[in-house]
Amino acid sequence: MTDLTDLTVRQAAELLRSGETSAVELLEAVKEQAARTEAELHAYLTLDQEGARAAAVAADESFGRGEDLGPLQGIPVAVKDNMVTRGVETTAGSQVLAGYTPPYDATVVKGLRAGGAVLVGKTNLDEFAMGSSTENSAYGPSRNPWDTDRVPGGSSGGSAVTVAAGSALAALGSDTGGSIRQPASLCGVVGMKPTYGLVSRYGLIAFASSLDQIGPITRTVEDSVSVLETIIGHDPMDATSYRGEAPEFRSGLDEGVSGIRIGVVRELSGEGIEPDVLDAFTRQVDRLSDAGADIVEVSLPSTEYALSTYYLIAPAECSANLARFDGVRYGNRVDGGTVEEMMARTRHAGFGPEVTRRVLLGTYALSAGYYDAFYGQAQRVRTLVIADFTEAYANVDALVSPTSPTTAFALGARTQDPLSMYMSDICTIPSNLAGDPSISVPVGVDAKGLPIGFQVMAQALGERMLFRVAAEVERLAEFRRLPSRKVAP
Amino acid sequence: MSYEAVIGIETHVELKTRSKMFCGCSAEFGAEPNTHTCPVCLGLPGALPVPNEQAIEWIVAIGLALDSTIAPWSVFHRKNYFYADMPKNYQISQFDIPICSDGHLDVIAEGELARIGVTRVHMEEDTGKSTHVGGDGRIQSADYTLLDFNRAGVPLVEVVSEPDLRSPAQARAYVQELREIVATLDVSDARLEEGSMRFDANISLRPQGSEALGVKVEIKNMNSFRSLERALTFEIERQRRLLDAGTPVSQETRHWDEAAGVTHSMRSKEESSDYRYFMEPDLVPIVVSDEWRERIRAGLPELPARQRVRYIALGLDPGTAATLVAGGLGSLFEVAVGAGGKARTVANWLTGEVTAYLRREGGKLSDTSISGEALAELCRLVDGGDLSISAAKTVLEGVLSGEGSPREVAERRDLLQLSDVGVLEAVVDEVLGANPKEADRLRTGDMKVLGFLMGQVMRATRGKADPKLANEMLRSRA
C-alpha cells in the first residue's frame, strides 16, 4: 500500500474518486505524519482537529451523493496563518495576535471550503510575513525537512514544509517579495504567485497591500493549477480584484515549449548566484532549448534597483497596515497610564525585531521631508521595473531565472544580518513589483543534497503560458522527490 | 490700528447614504452602539475597503453645485495617525488629487455680495465615537472610555474654502448657504445638532490694507451657525487685543467653549502633524467619466441661489425670497403660484402664518396637510371677499391640521363672508325698515348714521356680511 502522504493532489483525487481511500483516511494519514514530524519541523501553528474531521466527513458524504466539487474535494490542505479562518486562531506569527479568533473566513478559505478541501491547520510564518527564513515567527522557527539544521525559507516556510513533509498535500502561501517561491525552492516543492488581483486578498492579513498575493504551494505544477482554479475569481470584497473573466490555464500543461521564446534574465542569473544553483539552472535552460524553445538573453536593467525599491515600498505600506494592531479592539493589550502609552507598550511587546525594523523604516520613508527622496523615488523606479518587463514581454513569451540565489541556509546564519537575509529574495522581488505571475519549480539538488528551484515568469494574466513552461520544466528535470523521511522516529 | 480678518472654513458634511463609505453596513444615525459594524469598518485584520458608488456620485453633485472642476481621475490616500476610535489608525481620505477642486460660492452678508473660493471638495471616512466615563467627562480624568464604531466609515465630504471670508457674519452666511445647497441636493441630513455638519475655521488678522497674512489660529468644536459666528467674533477680538499690545499671536489650535463663550488653546501647532500620506494601495483610482459627470449634472435640482433670483423676478423682495428658500418652502410656493395664487400673497402666508404654525407646533412642513393648491384657494377666497383676513388665518390653521380644503373649513366653521348681493340687499332693506328714523337721516345725506347702520347689518348677519359691499349698498340709499 502506498503511503497516502506521498501522493500528489491529483493521485489522491483519483483514489478518492475510485473509492480506494476516503477523505477521512487521507486526513488521518496526514495527521499521523504531522504527529511524527511536527516536534522537529514545527510547520503548523494550529491544527484544526474538529474542523478538519468535519470537513473530511462532509467531503466523503459529498462523494457518496455523487457530487464532485472539484480537484480539491477531500484533499488535506494547509493554510498560512496570515489568512483569517472563522473560529480558528489566526496569529500571523505574531505575539500581538496571540489567541485572536477571527469572526470571518478569508475569501480564499471560503473558496477552499466550497471546493470541498479539508483545512488541516494554520502554518507557521515569519511574523506578518516579513522574512525569508520563517525564523521571525514569534512561535519559533520551522525547519527544513531536507536538513533540519537549515531554514525552510520564508515567509511561507510552514506551508512549504507541510507539502514537502507530507503533513498536507497542498498549501496556501502569500508572496510579497518571494514568500511563496523562495521557501518552495528551498523545500523542493512548487510555489506559484498569480497575477496581482487574480486571487482575492480579502482576509489576508496585509503586509504590503500593493505587492501581496496569495498562491498555491504544491508538489507538482498540475496540482498548482488545481489549487489556483479553486481560489481564483473576482471578489466584490476586494477593490483590487480582477474584474474580467479568469484566464483558463489547465489546457497548456501538455503543450510543451516547442516554438516558444524564453528569455534568460541576465541580471538575475549571474553574479551572486551560488555555483551549484547556477549550474542546475543552466542545465535546465539547455534542456528547454533541446525541447524546442527559442532561448534568448534578456536584460532587465532596472531590476538592479528592485531590492532597494522593494525595501522602501513594502515597509512603507506595512507601517500603515500594521497600525491597527494597537491593543484597542483585539489581540493582546499591555496596559498603560494613557491611551498612547497603552498603544506604544502593546506594540513594543507585540512586535518582533524584524517587524519593528520595517515599521520604523516605513514610517521614516513616508515622513514629511523624506517622502519624495525615498517612497516617491521608489514608486518611480517601480514604474521603470514594470516598463522593463513590458518591453521584455514584447519579445519573449516567458522569462526564467533561478528562484533563490542559494539553497537552504543554516538556521541562524542570517538572522543577525538583515541585509544578507534580504538578498534571499533578490530573484523573486522584481515580479512582485511588476504584479506579474511567476512560479518556482524544483529542478535538482546541490552537492549537499538540498533542492534547487527554477523560476518562470510571465506577463500579467499570462498564467496559461506560465504553467505551460513550468510543466515542461518539471517534465524535463525529472525531479520530483520528497525529502527522506529521516525525521520519522 | 484697524484690522482685517482673514477666515477660511473647513466644513464636514456627513452624507446620508444608506451604507457606509467602504462597506455595506448601515450608516443610519442613532442605533445601539456597535450594532452597525463588520470586519471592514472595524478594521479587523485582513478586511479591505470597497468604495460606495452613491457617495462618489453625491460628492460630484456637491462639486458641480459649487461650480468645481471634477477630476476625471482621482485617488484615495491614507492619512496616518493613531486614535483610539479610528479602527485602522489611518483614515482613508484624499490628498493631492481630490475629486472636486476650484469651485466657488456666492454669499450675501450685511447687504454685500461676495464670491468665496472653494479650494477643494474631497471624500473621506468618519471615525468612531468615544465616550469618556468618569471624572469630568474628558479623557484625562476618565475611568474608562467606551467606543462606538457605528459612525466609523460613514462617508464624509470635506469642503475647504479659500481664506476669502472677512467677517463672522460672512462666515455664517457661507455655511448657511452651503447647508442649503446640500439640503437641496438631498445628499445629507445637514443636521448640525446630530453632527452631520461640522465646522473648523482658520482665522488670522492683518492690518487693514495689508496683503501679508497674519499668524493663523484654527478653531474647532463649533457645532451651530451661531457658535461659529460667536467664536469668530471672540477670536477677532482676542487677536486684536494681542496685536494692539504687541504680543505675537501663536499658531495653534483652539477649542470653542460654547458655555463660557471663549476659545482656549488645545495644542500647540509648533510641530506640524505629519500624516505620512500615501496612495491607498487597497483601492483603485476613482474614475469619473465625462458621461457620468454630465449625467449627474443633468440630474441636479435647481440650486438655492437661482431659486431666489427667480422668486425675486416673480415680484418678491430679496428677504422674502431668501426666507422661502432657506425654509424649504419653495416647492409649495411654486405650486400655489402655478395654481393662480398671487406670488406676494402666497409668500406672505408661507413666511408668516405657515412658518409661525410650524414653529409653534414644532413639526415639519411634510407633517401638515397643506398643499400649494390649498394656499392658492385661500388667496382666492380672501381676494374674492369670501374670507376676511382674520377668518382666513383661522381657516389656514384648520387646513394645516388636516380639516380639509380652505372652502370646506370655512364652510364648516361658518366663516364665509356674506357677499351675495341679493341676500345682502334684503338684509339692508330689513335693517332700514326696522330703523326708520336712521333710514331717513341717511336719505337726507347724514353720513354720521352710517356707522350705526353698518353695525346693525353686521349684527343681523352675525358678522359675516362683506363690510365693503354692505357699506356700498347703504351709501347708494343716501
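Convention: sequence-line order gives letters A, B, ...; per-chain numbering from 1.
Both the backbone and the side chain of A/Y202 have a heavy atom closer than 4.5 Å to some heavy atom of chain B. The contact between B/D282 and chain A is made by backbone and side chain atoms together, counting heavy-atom distances below 4.5 Å. With a threshold of 4.5 angstrom between heavy atoms, B/P49 approaches chain A through N, CA, C or O but not through any side-chain atom. If you measure heavy-atom distances from B/L42 to chain A, the contacts under 4.5 Å come from the backbone alone.
Listed for the B/D274 side chain is a donor-acceptor partner under 3.5 Å among the backbone atoms of A/A368. At distances below 3.5 Å, not a single donor-acceptor pair connects side-chain atoms of B/Y277 with backbone N or O atoms of A/L366.
Side-chain contact between B/F278 and A/Y371 is present, with heavy atoms from C-beta onward closer than 4.5 Å. Side-chain atoms of A/S210 and B/E280, non-hydrogen and from C-beta on, never get closer than 4.5 Å to each other.
Nearest heavy-atom pair, A/A239 versus B/V284, reported as atom, atom and distance to 0.1 Å: O-CG1, 3.8 Å. Minimum heavy-atom separation, B/R78 to A/S209: NH2-OG, 3.6 Å. When all heavy atoms of B/L44 and A/P103 are compared, the closest pair comes out as CD1-CG, 3.5 Å.
Between A/R324 and B/Y90, the side chains place a donor N or O and an acceptor N or O closer than 3.5 Å (distance only, hydrogens not considered).
Taking chain B as the reference chain and counting heavy-atom pairs below 4.5 Å, the highest number among A/N82, A/D212, A/L211, A/N321 is found for A/N321. Each of A/A320, A/G327, A/A206, A/P102 has some count of heavy-atom pairs under 4.5 Å with chain B, and the biggest count is that of A/A320.
Contact annotation for residues 15-23 of chain B against chain A (heavy-atom separation below 4.5 Å): no residues qualify.
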